[in-house]
Amino acid sequence: MKAEQPAERIVVHDPQQAVALLNPLRAHILAQMHEPVSAAEIGRLIGETPQKINYHLKALEKVGLVRKTGSRQVRNLVEVLYQAIAKSFVLSDALGFEPETARRMKEDGALSHLVHTSDKLKRDALRLLERSEAGENVHSATLSASVRLADEEARQSFVQDYLEAVRRLTEKYGAASGDADAAEGGSGRGARDGDAASYEVVVAVYPHIREGED
């Protein structure tokens with residue numbers, strides 16, 4: 001039986017689907033699923049383990065954003081194939097989230113992106129250390145600072161100022177491929193442009209964790 005083709009675009013009215021789409025890693029997984037794929041394939045594409053991808057695929061299937069399309073034999077394993085139900089998703093204005101719910105969804109999405117980004121930073125750092133140990137000159141810089149933000153107004157003001165500062169910086173030096181993400185939780189990655197080397201720019205802002213805290 002021929003697999004059902006994904007819709008070009010779906011307007012999301014279901015709150016559970018909306019929450020899943022606001023998770024950056026799950027949204028990234030969905031973007032790889034225009035054709036039937038396995039957890040192992042997606043993992044190779046985005047640099048995650050099949051186990052982690054499979055966990056998120058199950059969550060996406062539970063809310064109806066992906067569906068099983070079949071399976072295939074790969075050596076001594078049977079891989080389940082999944083496909084997104086649409087090529088793109090738009091959140092409906094009719095969802096009508098309460099302000100507090102919308103704020104929590106945004107925060108949860110940013111925290112999820114922080115975890116995803118920290119994993120990527122560790123992988124990239126290990127690769128760069130290997131290149132440095134092999135004799136390659138690897139240019140890098142780090143910045144660490146703590147700030148005191150008295151209340152919600154101060155936190156919001158800081159976030160807006162930080163986003164504006166990063167936007168001005170990336171505009172001055174130019175996003176390598178024009179795809180720098182100027183939103184909370186975003187990061188930009190570009191290819192080498194002529195003789196100009198492309199560098200990653202990631203700034204993370206999160207609550208300070210005291211020694212001994214989980």
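All of these numbers come straight from a predicted model, not from anything done at the bench.
Residues Arg75 and Leu77 are not in side-chain contact: their nearest non-hydrogen atoms beyond the backbone lie 4.5 Å or more apart. When side chains are defined from C-beta on, Val147 counts as touching Phe158, because their heavy atoms get closer than 4.5 Å. Side-chain contact check for Val90 versus Arg9: some heavy-atom pair is nearer than 4.5 Å.
Interatomic distance, Ser38 OG to Met33 CE, rounded to the nearest 0.5 Å: 9.5 Å. To the nearest 0.5 Å, atom OH of residue Tyr162 and atom OG of residue Ser157 are 14.0 Å apart. Distance CD1/Ile53 to NZ/Lys58: 13.5 Å, rounded to 0.5 Å. In this structure, Ile29 CD1 and Asn54 CG are separated by 10.0 Å, a value rounded to the nearest 0.5 Å. Separation of atoms CD1 (Ile42) and CZ (Arg44) is listed at 10.5 Å; rounding is to 0.5 Å. Summarising the geometry, atom CG belonging to Leu129 is positioned 9.0 Å from atom OG belonging to Ser140; distances are rounded to the nearest 0.5 Å.
Shortest non-hydrogen contact noted between Leu25 and Asn23 is N-OD1, 3.0 Å. Between Ala40 and Glu79, the closest heavy-atom pair is CB-OE2, 3.6 Å. Heavy atoms only, all atoms of each residue included: Ala84 and Pro6 are closest at O-CB, 3.4 Å. Of all heavy-atom pairs between His34 and Lys87, the closest is NE2-O, 3.3 Å. Contact between Glu35 and Gln83 at its shortest, heavy atoms only, is CA-NE2, 3.7 Å. In terms of heavy-atom proximity, Leu60 sits nearest to Ala20 at CD2-CB, 4.1 Å.
When the shell of 6.0 Å around CD of Glu61 is examined, it contains more than 12 heavy atoms from other residues, nucleotides or ligands. In the displayed structure, Glu153 atom CD is contacted under 6.0 Å by at most 12 heavy atoms of other residues, nucleotides or ligands.
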Could you please spell out the steps behind the side-chain contact (heavy atoms from CB on, under 4.5 Å) verdict for Glu48 and Arg123? CA-CA 10 Å; Glu48 297 287 356; Arg123 292 195 304 271; 4.0 Å; yes

Test log, rule salt bridge (charged side-chain N to carboxylate O under 4.0 Å, His left out), inputs Glu41 and Arg72: CA-CA 13 Å; Glu41 284 180 303; Arg72 66 184 171 205; 2.7 Å; yes

Does Ile10 form a side-chain contact (heavy atoms from CB on, under 4.5 Å) with Ile85? I'd like the steps, not just the answer. CA-CA 8 Å; Ile10 283 181; Ile85 65 170; 3.6 Å; yes

Working note: Phe89 + Leu30, criterion side-chain contact (heavy atoms from CB on, under 4.5 Å); need CA distance, chi angles, decisive distance, verdict. CA-CA 10 Å; Phe89 300 88; Leu30 280 170; 4.2 Å; yes

Working for salt bridge (charged side-chain N to carboxylate O under 4.0 Å, His left out), residues Arg155 and Glu152: CA-CA 5 Å; Arg155 286 189 288 272; Glu152 182 62 25; 3.2 Å; yes

Verdict with supporting geometry, Val19 and Gln16, side-chain contact (heavy atoms from CB on, under 4.5 Å): CA-CA 5 Å; Val19 171; Gln16 287 186 313; 5.8 Å; no

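Residues in residues 156-165 take part in these salt bridge (charged side-chain N to carboxylate O under 4.0 Å, His left out) pairs, two or more places apart or across chains: Glu164-Arg167, Glu164-Arg168.
In terms of the salt bridge (charged side-chain N to carboxylate O under 4.0 Å, His left out) criterion, Glu133 has no residue partners (sequence neighbours excluded).
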